[in-house]
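First up is the structure itself, then whatever we jot down about it.
Sequence lines set the chain letters: A, B, ... in the order given, protein chains first and strands last, and positions in each chain run from 1.
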Protein chains: 2
Amino acid sequence: MGGLLDLTPEERATLDRLGERERSIRRGAVLLRENDRTSELFVLLSGNMMSYVLLDDGSRQILRFLFPGDLLATAAIGYSSSPETLVAQTESVVCPIDRVELLTMAQQHPRLLLTLVAIEQAERTALIDRLAGLGRTSARARVAAVLLDIRDRMRRGDPAIANSFVLSLTQEEIGDATGLTAVHVNRMLRTLEDDALIARSGGRVTVLNEPSLRRAANYVDRQATMDLSWMPAPAA
Amino acid sequence: MGGLLDLTPEERATLDRLGERERSIRRGAVLLRENDRTSELFVLLSGNMMSYVLLDDGSRQILRFLFPGDLLATAAIGYSSSPETLVAQTESVVCPIDRVELLTMAQQHPRLLLTLVAIEQAERTALIDRLAGLGRTSARARVAAVLLDIRDRMRRGDPAIANSFVLSLTQEEIGDATGLTAVHVNRMLRTLEDDALIARSGGRVTVLNEPSLRRAANYVDRQATMDLSWMPAPAA
DNA sequence: CGTTCTTTTGACCGGCGTCAATATAGGTGG
DNA sequence: CCACCTATATTGACGCCGGTCAAAAGAACG
């Protein structure tokens with residue numbers, strides 16, 4: 001959150017104090033289940049998590065893969081029960097924030113709260129892109145899009161990652177994220193490999209031809225980096 | 001926004017002042033185009049609008065049908081250009097709010113700002129449900145879901161609406177919202193009619209068998225009405 | 001009262017799901 | 001360290017849902 005804005009010492013102090021509490025979650029453990037009562041949101045500090053909903057026929061739609069820095073369970077601001085399930089994919093650490101704290105945060109550090117809202121907007125934009133992808137693109141495009149998305153987000157956490165990365169998702173998970181079956185995900189990965197857009201070995205994926213992969217993914221570059229420069233520094 | 005919370009006189013006054021500015025939009029006119037620069041968000045005061053994105057093959061994904069009370073273009077909080085296009089489906093009136101005003105609103109009336117954030121959460125939940133619908137349900141279910149959604153949202157604005165309503169959407173628009181072709185939307189409407197779940201005449205749709213229609217739509221009742229009771233009334 | 005948009009229906013096809021069989025890998029207890 | 005066991009990956013055969021193409025009938029609108 002600090003990277004988006006030049007924080008004043010007071011803002012930074014508040015943020016640091018907020019970040020003191022920590023809760024760790026074991027691999028595979030559920031932080032929050034659909035319809036659970038909830039009154040706090042979380043910031044993912046480390047690890048990987050995902051959110052999903054279950055339909056009554058038992059099928060699962062994965063909503064988002066979560067990386068450090070992401071906000072979790074923000075629905076708590078408007079609802080008392082969670083619309084989604086949150087699960088840790090690896091050992092993870094989150095920082096809980098009670099929603100009542102947001103009120104004082106708004107008052108004392110409005111820029112911090114609005115930064116939080118801005119991050120929500122980024123997630124919203126990501127949801128929009130996923131929606132368009134599910135509604136309007138082919139299986140091949142959706143699978144390619146997941147690969148690029150994961151690669152980009154891993155890179156943000158570790159700039160050393162270039163074109164090769166460990167995709168720690170099962171094909172079933174990719175399917176549940178893209179609205180496909182695991183079998184068909186496998187077929188699509190195969191065609192991407194046969195066409196030399198990617199290479200695979202073990203759990204590792206290497207992007208061989210990024211321009212083509214982007215084209216295959218129907219990648220819309222919305223040239224939108226977050227912009228919070230409109231927020232003036234606080235008076236004192 | 002008033003309905004969600006018991007407002008203090010000061011809060012109400014602020015809200016009223018904010019709502020003074022108005023802009024009307026002619027039927028079919030574009031309020032904001034994808035990638036347009038923007039620095040304000042809007043509240044839809046009257047009329048119907050919709051938001052969509054275009055993919056580079058020309059196909060359109062409708063993101064949301066907008067009704068009075070909905071927030072528009074909230075991405076302006078985090079970005080300087082719009083991720084989506086906003087179009088008026090009927091003669092509409094919106095109230096613009098410059099994003100800078102949100103800072104003072106946060107400070108002086110934190111409950112108002114958080115109510116706005118909570119409304120955003122409701123939209124996010126709606127997006128989640130749409131995502132799960134697109135990824136995991138049949139064409140028939142998606143069309144049924146649109147009918148129920150539109151009916152429910154029209155009813156919120158006019159409680160007189162019971163089971164019969166004017167669906168002012170073309171089948172092409174329903175298709176662009178559900179990720180289907182207009183042709184197939186037509187087929188699904190026909191089967192819903194043949195099965196006596198709905199009746200149609202002119203642009204008017206009548207729900208004949210609501211339980212069955214809900215089942216057909218895979219309707220997940222997340223028993224979640226917005227809950228802002230956690231926000232204490234301001235001290236003075 | 002033509003012109004264009006929308007709806008409707010039929011014929012046909014292809015992308016993706018389903019089912020099933022096998023291979024491979026990871027993890028666990030002995 | 002091995003044997004076993006379950007989760008995951010892979011591939012083929014086949015079928016169906018929904019897309020495509022085309023034609024005609026309404027409906028809306030200037």
Side-chain angles (χ1 to χ4, degrees), chain A residues 26-28 50 55 57-62 87 89-91 133-147 166-195 198-205 216 218, chain B residues 26-28 50 55 57-62 87 89-91 133-147 166-195 198-205 216 218:
Chain A
R26 246 185 306 286
R27 170 185 163 80
M50 67 176 183
L55 281 76
D57 66 351
S59 63
R60 172 176 72 166
Q61 176 65 49
I62 294 179
V87 183
Q89 291 186 295
T90 68
E91 192 79 17
L134 279 191
R136 289 303 187 200
T137 71
S138 66
R140 182 178 156 100
R142 291 181 234 168
V143 171
V146 167
L147 295 181
V166 176
L167 181 68
S168 51
L169 298 175
T170 66
Q171 294 178 4
E172 177 124 34
E173 287 169 336
I174 299 176
D176 285 347
T178 53
L180 301 168
T181 58
V183 173
H184 204 61
V185 168
N186 183 283
R187 289 195 277 246
M188 294 301 101
L189 287 172
R190 164 132 309 287
T191 72
L192 291 174
E193 197 171 17
D194 287 348
D195 297 350
I198 62 170
R200 291 182 299 157
S201 82
R204 178 166 287 275
V205 174
N218 230 301
Chain B
R26 247 185 305 288
R27 170 186 163 81
M50 66 176 185
L55 281 77
D57 66 351
S59 63
R60 173 176 71 166
Q61 176 64 51
I62 293 179
V87 184
Q89 292 186 295
T90 68
E91 193 79 17
L134 279 190
R136 289 303 187 200
T137 72
S138 67
R140 182 179 156 101
R142 292 182 233 168
V143 171
V146 167
L147 295 181
V166 176
L167 180 68
S168 50
L169 298 176
T170 66
Q171 294 177 5
E172 176 124 34
E173 286 168 336
I174 299 176
D176 285 348
T178 53
L180 301 168
T181 58
V183 172
H184 203 62
V185 169
N186 184 282
R187 289 194 277 244
M188 294 302 101
L189 286 172
R190 165 131 309 286
T191 71
L192 291 174
E193 197 171 16
D194 288 348
D195 297 349
I198 63 170
R200 292 181 300 156
S201 81
R204 179 165 287 275
V205 174
N218 229 300

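- Applying the side-chain hydrogen bond (donor to acceptor under 3.5 Å, both in side chains) rule to A/Arg27 yields no partners; only residues at least two apart in sequence or on another chain are considered.
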Self-check item: Evaluation steps, side chain to side chain contact (heavy atoms under 4.5 Å, CB included), between A/Leu134 and A/Gln61
Solution: CA-CA 11 Å; A/Leu134 279 191; A/Gln61 176 65 49; 4.1 Å; yes

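- Here the nucleotide nearest the side chain of B/Thr170, chosen from D/dT10, C/dT7, D/dT8, is C/dT7.
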Quiz prompt | Per-nucleotide protein contact string for nucleotides 12-27 of chain D, where B marks a base within reach and S marks sugar-phosphate only (heavy atoms under 4.0 Å, - for neither) | solution = -B----BBBB------

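- Atom pair B/Arg190:CZ and C/dT8:P shows a separation of 7 Å (rounding to whole Å applied).
- By the side chain to side chain contact (heavy atoms under 4.5 Å, CB included) test, B/Val205 is found to be paired with B/Phe165, B/Leu167, B/Ile198, B/Arg200, residues two or more places apart in sequence or in another chain being considered.
- For the helix from C/dC1-D/dG30 to C/dG30-D/dC1, the terminal axes (five pairs an end, C1' atoms, rotation from four pairs onto the next four) enclose an angle of 60°, given to 10 degrees.
- Looking at residues two or more places apart in sequence or on another chain, you find a side chain to side chain contact (heavy atoms under 4.5 Å, CB included) between A/Asn186 and A/Gln171.
- Using a 4.5 Å heavy-atom threshold, the side chains of B/Arg60 and B/Glu173 count as touching.
- With sequence neighbours excluded, the residues forming a side chain to side chain contact (heavy atoms under 4.5 Å, CB included) with A/Ala145 are A/Ala217, listed by chain and number.
- Closest contact between the side chain of B/Gln171 and the listed nucleotides D/dA9, D/dT10, C/dT8 involves C/dT8.
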Practice problem: Quick one: do B/Arg190 and B/Glu193 satisfy side chain to side chain contact (heavy atoms under 4.5 Å, CB included)? Show the steps, please. | Solution: CA-CA 5 Å; B/Arg190 165 131 309 286; B/Glu193 197 171 16; 3.6 Å; yes

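- Candidate nucleotides D/dT10, C/dT9, D/dT11 were compared by shortest atom distance to the side chain of A/Arg200, and D/dT10 ranks first.
- Under 4.0 Å is where a charged nitrogen must lie from a carboxylate oxygen, and between A/Asp195 and A/Arg140 at least one such pair does.
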